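Residue numbers run from 1 in the order of the sequence given. Computed from a predicted structure; not experimentally measured.
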Amino acid sequence: MRTPRGLQGQGSGAPQIDIKRTLMLLAVAFIISSLLIILFPGLGTIWRLLIIIGLFAVVFPLLERRRRNRRNR
């Protein structure tokens with residue numbers, strides 16, 4: 001039995017990771033964390049993590065939507 005053309009190489013392996021985007025997100029998280037440490041030295045680690053997670057929860061979906069809209073044009 002033959003595999004349909006569109007499905008070759010899919011479904012059998014691990015999902016592909018976008019290295020460029022992953023590195024960009026890590027760099028942004030590092031910069032935001034560093035700025036929080038410099039600007040608010042008394043801010044606890046938990047609060048810093050919550051702020052970063054909150055920013056990603058808001059910003060990441062907006063960036064994804066923009067990327068999808070740009071790709072569909």
Side-chain angles (χ1 to χ4, degrees):
M1 187 168 156
R2 223 176 123 176
T3 305
R5 244 190 119 112
L7 298 177
Q8 289 177 347
Q10 293 180 359
S12 61
Q16 296 295 319
I17 297 173
D18 187 357
I19 298 294
K20 182 180 175 185
R21 261 181 84 219
T22 303
L23 290 176
M24 291 264 273
L25 288 172
L26 286 173
V28 169
F30 177 76
I31 290 168
I32 292 172
S33 180
S34 298
L35 285 175
L36 288 173
I37 290 170
I38 292 168
L39 295 174
F40 306 103
L43 195 63
T45 305
I46 302 292
W47 284 109
R48 274 190 223 116
L49 287 173
L50 289 175
I51 290 170
I52 290 173
I53 290 169
L55 283 172
F56 276 114
V58 171
V59 173
F60 187 72
L62 293 175
L63 292 176
E64 275 297 309
R65 193 176 311 133
R66 258 183 74 196
R67 188 173 68 94
R68 267 191 243 124
N69 289 341
R70 203 176 329 148
R71 191 182 333 165
N72 289 337
R73 289 182 188 180

Quiz prompt | Polar side-chain atom of Thr22 near backbone of Asp18 as donor-acceptor pair, under 3.5 Å | solution =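 Side chain of Thr22 to backbone of Asp18, a donor-acceptor pair under 3.5 Å: yes, one is there.
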
Quiz item: Is the backbone N or O of Ser33 less than 3.5 Å from a side-chain atom of Arg48, with the two atoms forming a donor-acceptor pair by type?
Solution: no

Exercise. Kindly determine whether Leu43 and Ile37 satisfy side chain to side chain contact (heavy atoms under 4.5 Å, CB included), including the steps that lead there.
Key: CA-CA 7 Å; Leu43 195 63; Ile37 290 170; over 6 Å; no

Self-check item: Residues, nucleotides or ligands: over 12 heavy atoms within 6.0 Å of Leu26 CG
Solution: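 Above 12, so yes.
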
Exercise. Take atom CD1 of Ile17 as the centre, draw a 6.0 Å sphere, and report whether it contains more than 12 heavy atoms from other residues, nucleotides or ligands.
Key: no

Interatomic spacing from [atom1] in [X] to [atom2] in [Y] - rounded to 0.5 Å:
X     : Y     : atom1 : atom2 : result
Leu36 : Thr45 : CG    : OG1   : 11.5 Å
Phe56 : Ile32 : CZ    : CD1   : 5.5 Å
Phe30 : Ile52 : CZ    : CD1   : 10.5 Å

Quiz item: Any chain of hydrophobic side-chain contacts (each under 4.5 Å) joining Leu39 to Trp47?
Solution: yes

Quiz item: Does one hydrophobic cluster hold both Ile46 and Leu55, with members joined at side-chain heavy-atom distances below 4.5 Å?
Solution: yes

